[in-house]
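These figures come from a predicted structure and were not determined experimentally.
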Amino acid sequence: MNKTALASALGAPSAFGQSQFALTRGNAFEARVKADGGTELLRLAHEKLDRSAEPPAHARVPELSATGPEGRAARTALELREAAAAPGAWTLLDHPMLALDVAGSPAFLEPDAVVVHPDGTWTVVEIKSFPMLDGSADPAKVGAAARQSAVYVLALEQVAARLDPAPRVRQDILLVCPKDFSNLPTASAVDVRKQRAVTARQLTRLTRIEDIADSLPEGTCFSPELPAEELTAAVEAVPATYSPECLTTCELAFHCRDRSRTAGAVTTLGRSVRAELGGLTTVEDVLAAARGEAGDPGDPAVAALRRAARLRAEALGGREAVPCR
């Protein structure tokens, strides 16, 4: 299913994508990092992750082209197997293709690079165009890169598990960024163990696609060619809970946000707010509880809302606006 086309057909196209300038700058920086057979990239990997190994004077950079994502994933697995079978040298896989089992279906992933160390261990490399200033980068952007890389680590672990003996996938990824305001690369080792554990737990809780399909009404179709009403009904048949975080991860986020706002769902305000409100699921429920018109006074969420409403009324000079109960 093409979710981008589906979102456009629903009248809520996604706004994914970087500006052309950002894409050009990012591509130019990545090309510089990987120039000359990845000499600079491997130097950074040696410096930040594996100083005890021999410096990467010569590295193997295999060709990974193949037909289709399945073919590229198979070719990547083959090259990783060959590198694991002949330790002692550095190997750089440029844009490998990995397959990750997600709820019973393969999801194909393409990290920027994977480095095989002389000791046979594997490292995920993530190349970003945001700068490292005085050795540190924006924590929010680093966190996003860590979460993205944790998925690649899980996919690599699935490849490693099929080998005997299974190579070790390092839990520190190599994050490569421009140094200060230049286009010179620098790098940092980022521990993604926490992000990997969270992602692994989330994957185990996902509902299989077959189970979702079995729960849908007979004849449900998601073709963008359908009339708007039929397409909307088909999408609504799949349970979904919107939160602002969806805007950066899902093509249908704008559609779900509109539906969530129409329904007055508190999830529109974010997961943290939703968690604080307990059993209050709509904005109208929240306002009624704050006004003292509904809700159990013994409920901590209701009590907190009424206290906040009372303080607001006092600050505005209207002590009687909200009764104290």
Review point. Between Asp94 and Leu64, is any pair of side-chain heavy atoms under 4.5 Å apart?
Key: no

**Report entry** Under 3.5 Å donor-acceptor, Ser8 side chain and Thr4 backbone
**Finding:** yes

inquiry  = Does Asp36 have more than 12 heavy atoms from other residues, nucleotides or ligands lying within 6.0 Å of its CG?
reply    = no

List, one per line, each side-chain donor-acceptor pair under 3.5 Å for residues 76-90, sequence neighbours excluded.
residue	atom	partner	partner atom	Å
Thr76	OG1	Arg72	O	2.9
Thr76	OG1	Met97	N	3.0
Thr76	OG1	Met97	O	3.4
Glu79	OE1	Arg60	NH2	2.3
Glu79	OE2	Arg75	NE	3.3
Glu82	OE1	Arg60	NH2	3.2
Trp90	NE1	Glu54	O	2.8

dist Ser188:OG -> Leu49:CG (nearest 0.5 Å) comes out at 9.0 Å

Under 3.5 Å, sequence neighbours excluded: what are the donor-acceptor pairs made by side chains of residues 40-47?
residue	atom	partner	partner atom	Å
Glu40	OE1	Arg43	NE	3.1
Glu40	OE2	Arg43	NE	3.3
Glu40	OE2	Arg43	NH2	2.6
Arg43	NH1	Glu47	OE1	2.8
His46	NE2	Ala53	O	2.9

Fill in: Evaluation steps, side-chain contact (heavy atoms from CB on, under 4.5 Å), between Val235 and His255
CA-CA 10 Å; Val235 172; His255 170 77; 4.0 Å; yes

Measure from the side-chain N and O atoms of Thr232 to the backbone N and O of Ala228, and report whether any donor-acceptor pair falls under 3.5 Å.
yes

| task | Without swapping roles, check the side chain of Thr267 against the backbone of Tyr242 for a donor-acceptor pair under 3.5 Å. | result | yes

Taken in chain and number order and not counting sequence neighbours, the residues that satisfy side-chain hydrogen bond (donor to acceptor under 3.5 Å, both in side chains) with Arg259 are Glu236

- Message: With no hydrogens and no angle check, just 3.5 Å: does a side-chain donor-acceptor pair link Glu157 and Gln171?
- Response: yes

Do Val61 and Val114 belong to the same hydrophobic cluster, where Ile, Leu, Val, Met, Phe, Trp and Tyr are linked whenever their side-chain heavy atoms lie under 4.5 Å apart, directly or via other members?
no

| task | Kindly work out whether a path of hydrophobic side-chain contacts (I/L/V/M/F/W/Y, heavy atoms less than 4.5 Å apart) joins Val266 to Leu247. | result | no

- Are Phe29 and Val125 in one and the same hydrophobic cluster, where Ile, Leu, Val, Met, Phe, Trp and Tyr link if side-chain heavy atoms are under 4.5 Å apart? yes

Check: Just by modelled atom types, is the Cys256 backbone N or O under 3.5 Å from a matching donor or acceptor in the Ser260 side chain?
Finding: no

Is a side-chain donor-acceptor pair under 3.5 Å present for Ser243 with Glu245? yes

Item to complete: Kindly determine whether Val192 and Asp172 satisfy side-chain contact (heavy atoms from CB on, under 4.5 Å), including the steps that lead there.
Response: CA-CA 6 Å; Val192 299; Asp172 287 344; over 6 Å; no

| message | Assess whether a salt bridge exists between Arg193 and Asp191, defined as any Lys/Arg side-chain N lying under 4.0 Å from an Asp/Glu carboxylate O. | response | yes

Would you call His95 and Asp112 a side-chain contact if the rule is heavy atoms closer than 4.5 Å?
-> yes

Residues at least two apart in sequence or cross-chain that pass side-chain hydrogen bond (donor to acceptor under 3.5 Å, both in side chains) with Arg261, listed by chain then number, are none

Which of Leu174, Val176, Val190 passes side-chain contact (heavy atoms from CB on, under 4.5 Å) with Lys48? It is Leu174

How about Leu10 and Phe254: do any of their side-chain heavy atoms sit closer than 4.5 Å? no

message = Any non-hydrogen side-chain atom of Thr123 less than 4.5 Å from a side-chain atom of His117?
response = yes

Here the gap from Glu229 atom CD to Leu226 atom CG, rounded to the nearest 0.5 Å, amounts to 12.0 Å

Original post:
Are Thr220 and Pro217 close enough that some pair of their side-chain heavy atoms sits under 4.5 Å apart?
Top reply: yes

Rounded to the nearest 0.5 angstrom, the CZ-OG1 distance for Arg274 and Thr241 is 9.0 Å

d(Gln202 CD, Leu154 CG) to nearest 0.5 Å is 10.5 Å

Same cluster or not: Val33 versus Val124, using hydrophobic residues (I, L, V, M, F, W, Y) connected whenever any side-chain heavy atoms lie under 4.5 Å apart? no

request  = Return yes if a side-chain donor-acceptor contact under 3.5 Å exists between Thr121 and Arg170, otherwise no.
outcome  = yes

Donor-acceptor contacts under 3.5 Å from residues 130-149 side chains, at least two apart:
residue	atom	partner	partner atom	Å
Ser136	OG	Leu133	O	3.4
Asp138	OD1	Ala140	N	2.9
Gln148	OE1	Lys128	NZ	3.0
Gln148	NE2	Glu126	OE2	3.2
Gln148	NE2	Tyr152	OH	2.9
Ser149	OG	Ala145	O	2.9

- [ ] Please check if the side chain of Asp180 supplies one atom and the backbone of Ser182 the other of a donor-acceptor pair under 3.5 Å.
- [x] no

Looking only at side-chain N and O atoms, does Thr24 offer a donor or acceptor that is under 3.5 Å from a partner on Asn27?
no

Path from Leu92 to Val169 over hydrophobic side-chain contacts below 4.5 Å: no

* **Leu305 vs Leu277, side-chain contact (heavy atoms from CB on, under 4.5 Å): CA-CA, chis, key distance, verdict** => CA-CA 9 Å; Leu305 285 168; Leu277 293 175; 4.2 Å; yes

Glu284 meets the side-chain hydrogen bond (donor to acceptor under 3.5 Å, both in side chains) criterion, sequence neighbours left out, with Arg291

Note to self: Quick one, Pro297 and Asp299 - any side-chain contact, counting heavy atoms below 4.5 Å?
What the structure shows: no

Problem set entry | CA sep, side-chain torsions, deciding dist, call: Thr91, Val115, side-chain contact (heavy atoms from CB on, under 4.5 Å) | CA-CA 6 Å; Thr91 300; Val115 170; over 6 Å; no

Heavy-atom donor-acceptor pair, Arg196 side chain to Val151 backbone, under 3.5 Å: no

Quick check: do Leu93 and Pro111 have side-chain heavy atoms less than 4.5 Å from each other?
no

Between Val159 and Trp122, is there a side-chain heavy-atom distance shorter than 4.5 Å? yes

